[in-house]
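The structure appears below as structure tokens.
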Amino acid sequence: MKKVQSALHAPQFAPPEKIGIGFTYQSGLRPAVEAARGLIDFLVISPELLCRERADGDRRQFKLRKPLIDDALSACDGRPAVVHGLELSIGTVEGWEDACVDLIDEFARHYSFPWLSEHLSFMQTRDANGAVLYAGAPLPLPLTEAALDIVVPRARALGARYGVPFLLENVTHYLPDLPADGGRDEITFLNDLTERSGCGLLLDLYNLYCNACNHGFDAECALSRLRLDRVVEIHVAGGATHGGFMMDVHSDLVPEPVWDLLNWTVPRTQNLAGITYELLEQAFPVLGIDGVVSQLARARQIWTKHLTTSAHAPEALSRQACHDA
Amino acid sequence: MTLEGWQCGLGELLQRGASRKRRNANVESSLDRLDLTADERRSLLSLSDAPGFALTCHITRWWRELRIRTGARLTCVQLSSSNRDHVLDYIDSNPFRSFFFFVEAVSFLDYVLAQAGVHATVRAVARFEKALLLAHDARESNGVSEAPVAHCLAEDVQLVRNADASLVALDRPAEILLAMLLKGQPATPKERRGAYPVLVSPRLAHLWRPASRAEARLFRQTRAPVLFARALRQSRSTREAANSLIADGILKRARQPDPVHH
């Protein structure tokens, strides 16, 4: 991993301008993007899905497929694209995935983006021989000081590297009793992280909802304790249930409780710049264009409602939140 | 427990849990290499007993299966009822290393091609599918360059294969084979193996086309650069074959004439 400078400037959070409604891009979703163009203000591009992987000895290399990015942007009439990384593994003690940083560097040489986001997780460890062991799925970090010590300087460094806000996304996980210290839970961990690093939060309401269902807590009460002023982007999605667990699959319409959480959250997030509906391309044939359009339209309705009633007072609403909950 | 210890322990337990073969192995041995106290060890082991841990293992396996079945769809159909065993054996014997459909699919096809007991028809389909994947990947990555201007090939030119091009021998016309496989029907084995040679190249509109006998012969000759004059001695139709193979990006003129051939 490249050296991360931990002694950068004091963390300062600078929210980006408001954009509106976003949609995840995968090549298989291009017809949906074209059909729903009027409802989409920005695309969410994961460079790892639009690149090729090459092995360079033990080191991975991702090479951007520029024609695929150009194609994505043309499908959306050149509307802005935000970068949403998938495989950085920002929480791995031994270091993040260098190939991802190189890939974003390459993306940044060709395109501008209003913000960059990644998942608050780790996906790699080391085996007995020191070789990389890939988990195959994002795993949660313990809610500890040690985890903050790893992630905070990296989050700071990424914001500084690209000169745009860097956001971390709360992930769904299925593991009980994560190690925690200082009485932390997921919410206080996120608050400590954004406070210390200056990074923004990509609040995935579906992930939060899954965790609330799977681990038995009240999502709205949890939100009321979250630093919502750090929320720059919100993700909504739908998924599936397996073995009694709600899973983060992006395979379905957004469940009603998640729309309720969105309605509750948006007026309380003064720095919110976009709401994204996430969908997996494999699920598109099932939902169809009508399904996608309905979700984007509903997200836009909530965005517009709260944006036009911008006399909202997030602080007052936040204070009210615990009583509501 | 250190963060590193926790992450490595969880990583080891996940590898074990996601593998059909290792799942029943002694779970404690997964953690032997780590410097853990008894309490830390107990804590990680109790995690691995949780239903949520089993689900996490299931998710990693499910995504790999999806990538293989999507990326190597034709071969999975041809493997028919044995495909699940092959996919799971592959997953057990090849640690996860990539989220890319292309990388996982090519790796799986290499695994199938390396299996001694695999039927010739499966082998041919796997070769064909791998060639299609490589050609498609090359086209998406590099685009398709202009076809070289046709002109009379000098006899002292050396010809060599393009790295992205392949020749695959099928036991029936490719369009029939593809139609069956895309409908989910495995092709029944035939006696006339390899009677239908097919060329695969990023420059071909559908990535493949049938090869004439002269084209197949010339392609086989050009694993290493070959002097055109020497190839011409094989058949009168070689010149025509050379021109069509060059136009379709399957052969190219070697940059440096090899003095050994002069």
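Source: prediction; values computed, not measured. By convention in this document, chain letters (A, B, ...) are assigned in the order of the sequence lines, proteins followed by strands, and residues within each chain are numbered from 1. Heavy-atom basis, side chains included; hydrogens, waters and symmetry copies ignored.
- A distance of 10.0 Å separates CG of A:Leu133 from CG of B:Leu10, quoted to the nearest 0.5 Å.
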Next item on the list: Test B:Trp62 against A:His242 for side chain to side chain contact (heavy atoms under 4.5 Å, CB included), laying out the working first.
Entry: CA-CA 12 Å; B:Trp62 182 86; A:His242 183 93; over 6 Å; no

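- Summarising the geometry, atom CG belonging to B:Leu3 is positioned 9.0 Å from atom CD belonging to A:Glu94; distances are rounded to the nearest 0.5 Å.
- For chain B, the nearby parts of A:Arg52 are the backbone and the side chain; heavy atoms of each come within less than 4.5 Å.
- Only the side chain of A:Leu178 comes within contact range of chain B, with at least one heavy atom under 4.5 Å from a heavy atom of that chain.
- Between B:His58 atom NE2 and A:Tyr174 atom OH the span is 10.5 Å, to the nearest 0.5 Å.
- The environment of NE2 in B:His136 is sparse: at most 12 heavy-atom neighbours from other residues, nucleotides or ligands sit within 6.0 Å.
- Of the atoms belonging to A:Leu86, not a single heavy atom falls under 4.5 Å from chain B.
- Few gaps surround CZ on B:Arg69; more than 12 heavy atoms of other groups in view lie less than 6.0 Å from it.
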Note to self: Pair A:Val93, B:Trp6 - check side chain to side chain contact (heavy atoms under 4.5 Å, CB included), show working.
What the structure shows: CA-CA 10 Å; A:Val93 171; B:Trp6 190 79; over 6 Å; no

Next item on the list: Begin with the C-alpha distance, continue with both residues' side-chain angles, and end with the deciding distance and a verdict on side chain to side chain contact (heavy atoms under 4.5 Å, CB included) for A:Thr125 and B:Leu14.
Entry: CA-CA 11 Å; A:Thr125 60; B:Leu14 254 180; over 6 Å; no

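- For B:Ile59, the part lying near chain A is the side chain, with the backbone staying farther off; criterion is any non-hydrogen pair under 4.5 Å.
- Both the backbone and the side chain of B:Phe53 come within contact range of chain A, judged by heavy atoms closer than 4.5 Å.
- In this structure, B:Gln7 contributes its side chain and A:Leu141 its backbone to no donor-acceptor pair below 3.5 Å.
- In plain terms, the two heavy atoms of B:Thr60 and A:Ala137 that are nearest each other are CG2-CB, 3.7 Å.
- Within the 4.5 angstrom heavy-atom criterion, no atom of A:Leu49 approaches chain B.
- The side-chain heavy atoms of B:Arg139 and A:Pro67, taken from C-beta on, include no pair separated by under 4.5 Å.
- Contact tally against chain A (heavy-atom pairs below 4.5 Å) for B:Cys57, B:Pro51, B:Ser46, B:Ala54: the top residue is B:Pro51.
- The most heavy-atom pairs under 4.5 Å with chain A, out of B:Thr70, B:Asp137, B:Val103, B:Leu66, come from B:Asp137.
- For a residue to count as touching a neighbouring chain, one of its non-hydrogen atoms must lie under 4.5 Å from one of that chain's; by this rule A:Leu64 does not touch chain B.
- Within a 6.0 Å sphere centred on NE2 of A:His110, heavy atoms belonging to other residues, nucleotides or ligands number more than 12.
- Of the atoms belonging to B:Pro95, not a single heavy atom falls under 4.5 Å from chain A.
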Item checked: Criterion side chain to side chain contact (heavy atoms under 4.5 Å, CB included) on A:Glu87 and B:Phe99, from CA distance to verdict -> CA-CA 9 Å; A:Glu87 293 190 49; B:Phe99 286 93; 3.0 Å; yes

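- Between B:Phe100 and A:Phe62, the ring planes lie tilted relative to each other; the angle falls in the 30° to 60° range.
- Within 6.0 Å of CG on A:Asp127 lie more than 12 heavy atoms contributed by other residues, nucleotides or ligands.
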